[in-house]
Amino acid sequence: MRFGYEFYGNDVLTLAPSLLGQYLVCVSPENNVTRYIITETEAYRGEEDLACHASKGRTQRTEIMYNRGGNLYIYLIYGMYWMMNVVAGNKNEPQAALIRGIEGFDGPGKLTRALGIDKSFNGEDLVKSDRIWITESGMNPDYITTPRIGIGYAGEWKDKPWRYLMKSITVATLHAT
DNA sequence: GTAACGATCCTC
DNA sequence: AGGATCGTTACA
């Protein structure tokens with residue numbers, strides 16, 4: 001069952017962990033439908049959060065985050081990697097959950113590369129799109145939190161425990177590294 | 001205009 | 001430890 005706007009309208013601190021264990025469903029250009037369990041997310045919350053792109057205010061790039069939750073926010077980082085975020089919260093509350101990992105693809109740049117996510121997905125509506133959406137899995141996995149990755153510049157905000165990892169995946173990762 | 005900087009990943 | 005690679009932002 002596909003999630004609706006009421007789900008994405010939750011505060012990002014609720015939505016980001018709620019996405020863990022759910023199914024990200026993608027339709028390839030060849031019309032193959034694949035679903036992946038979401039395993040890792042991060043929350044970016046409001047203009048006051050110095051790690052959030054909206055801390056720079058309303059710009060052409062961040063405009064999408066000011067929409068009601070349910071759209072994708074896609075941007076290019078380091079000139080090479082597309083980051084996929086789920087816009088959360090109410091209109092004019094700039095919030096987004098970064099998808100950092102899915103089953104089989106650990107890392108935000110790797111998963112977008114694997115799924116063919118690019119700039120054309122910016123603003124995609126997860127409630128209505130015919131090529132990407134999220135469905136309820138029935139899972140309610142345990143998870144752990146850590147500070148967010150790669151945002152050391154964000155002052156006191158860098159320590160917020162707003163990274164969420166599904167526990168079963170975390171254990172496997174710890175043993176592997 | 002011009003310059004600096006990334007919510008990363010891969011290869012030394 | 002360092003390089004790839006380019007859109008966004010800030011500032012002149």
Side-chain angles (χ1 to χ4, degrees), chain A residues 8 10-22 24 26 36-90 92-124 126 132 134 143-167 169-170 172-177:
Chain A
Y8 299 111
N10 284 313
D11 189 282
V12 70
L13 296 184
T14 299
L15 180 68
S18 299
L19 288 170
L20 298 176
Q22 311 301 346
L24 176 66
C26 290
Y36 305 87
I37 296 171
I38 298 172
T39 58
E40 180 179 346
T41 61
E42 269 176 6
Y44 290 85
R45 186 173 188 275
E47 294 184 343
E48 66 273 20
D49 175 8
L50 292 181
C52 182
H53 289 166
S55 64
K56 307 235 194 271
R58 212 161 181 141
T59 67
Q60 187 171 4
R61 178 169 70 154
T62 61
E63 187 63 29
I64 191 73
M65 274 198 282
Y66 288 79
N67 287 351
R68 153 178 76 166
N71 288 341
L72 286 182
Y73 166 46
I74 310 291
Y75 68 91
L76 185 69
I77 190 66
Y78 298 112
M80 273 182 268
Y81 300 103
W82 297 103
M83 300 287 103
M84 177 167 60
N85 300 256
V86 176
V87 174
N90 299 315
N92 294 324
E93 291 175 354
Q95 303 183 345
L98 170 66
I99 309 296
R100 288 193 59 88
I102 58 176
E103 182 186 15
F105 299 99
D106 194 9
K110 288 196 254 186
L111 72 89
T112 53
R113 192 178 56 193
L115 271 49
I117 303 294
D118 62 15
K119 185 81 179 174
S120 76
F121 284 78
N122 192 39
E124 196 85 0
L126 293 170
I132 189 167
I134 299 173
Y143 62 88
I144 63 158
T145 64
T146 81
R148 294 170 290 179
I149 302 298
I151 50 120
Y153 57 84
E156 61 181 286
W157 296 89
K158 78 180 192 311
D159 300 318
K160 299 282 186 188
W162 289 355
R163 176 185 181 214
Y164 306 92
L165 297 117
M166 235 173 83
K167 226 174 195 174
I169 300 295
T170 302
T173 302
L174 288 176
H175 283 294
T177 51

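Throughout, a chain's letter reflects where its sequence line sits, starting with A, and its residues are numbered from 1.
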Closest contact, heavy atoms only, A:Tyr75 versus A:Arg61: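 The pair with the smallest heavy-atom distance is CD1-NH1, 4.0 Å.
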Pairing annotation in dot-bracket form, given for DNA chain C with Watson-Crick or G-U pairs under 3.5 Å and | for cross-strand partners: ||||.||||||.
Would you tell me if any nitrogen or oxygen in the side chain of [X] comes within less than 4.0 Å of OP1 or OP2 on [N]?
X: A:Arg113; N: B:dC10; result: yes
X: A:Lys56; N: B:dG6; result: no
X: A:Tyr81; N: B:dG6; result: no
X: A:His53; N: B:dA7; result: yes

Kindly indicate whether the side chain of A:Tyr75 and the base of B:dA7 share any N or O donor-acceptor pair separated by less than 3.5 Å?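 Answer is yes: a donor-acceptor pair is held.
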One pair to check against side-chain contact (heavy atoms from CB on, under 4.5 Å): A:Tyr44 and A:Met65. What are the steps and the verdict? CA-CA 10 Å; A:Tyr44 290 85; A:Met65 274 198 282; 5.6 Å; no
With heavy atoms under 4.0 Å as the rule, sort [X] into base, sugar-phosphate or nothing.
X: A:Gly109; result: sugar-phosphate
X: A:Lys158; result: nothing
X: A:Met83; result: sugar-phosphate
X: A:Leu98; result: base

For [X] and [Y], indicate whether the former's side chain and the latter's backbone hold a donor-acceptor pair under 3.5 Å.
X: A:Arg148; Y: A:Ala43; result: yes
X: A:Thr62; Y: A:His53; result: no
X: A:Asn85; Y: A:Tyr73; result: yes

When rounded to the nearest 0.5 angstrom, what is the spacing between CG in A:Leu19 and CD1 in A:Ile37?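 Taking CG in A:Leu19 and CD1 in A:Ile37, the distance rounds to 13.5 Å.
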Working to the nearest 0.5 Å, report the span between CG of A:Asn67 and CG of A:Asn90.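 Spacing of CG (A:Asn67) from CG (A:Asn90) equals 12.0 Å.
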Take atom [atom1] of [X] and atom [atom2] of [N], then tell me their distance rounded to the nearest Å.
X: A:Lys160; N: B:dA7; atom1: NZ; atom2: P; result: 19 Å
X: A:Tyr78; N: C:dG3; atom1: OH; atom2: C1'; result: 13 Å
X: A:Arg58; N: C:dT9; atom1: CZ; atom2: C1'; result: 18 Å
X: A:Leu76; N: B:dC9; atom1: CG; atom2: P; result: 13 Å
X: A:Asn122; N: C:dG7; atom1: CG; atom2: C1'; result: 12 Å
X: A:Tyr73; N: C:dG7; atom1: OH; atom2: P; result: 14 Å
X: A:Ile77; N: B:dG6; atom1: CD1; atom2: P; result: 8 Å
X: A:Tyr153; N: C:dT9; atom1: OH; atom2: P; result: 12 Å

Considering only heavy atoms from C-beta outward, does the side chain of A:Ile74 approach that of A:Thr112 to under 4.5 Å?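 Result no, sub-4.5 Å side-chain heavy-atom pair not found.
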Of A:Thr59 and A:Gly79, whose nearest nucleotide on DNA chain C comes first from the 5' end?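 So the residue in question is A:Gly79.
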Choose from B:dC9, C:dT5, C:dT9 the nucleotide whose nearest atom is closest to any side-chain atom of A:Met80.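 Within the option list, the nearest is C:dT5.
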Nucleotide nearest A:Arg61 (side chain, heavy atoms from C-beta), chosen from C:dT9, B:dA7, C:dG7: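 Of the options given, the side chain of A:Arg61 lies nearest C:dT9.
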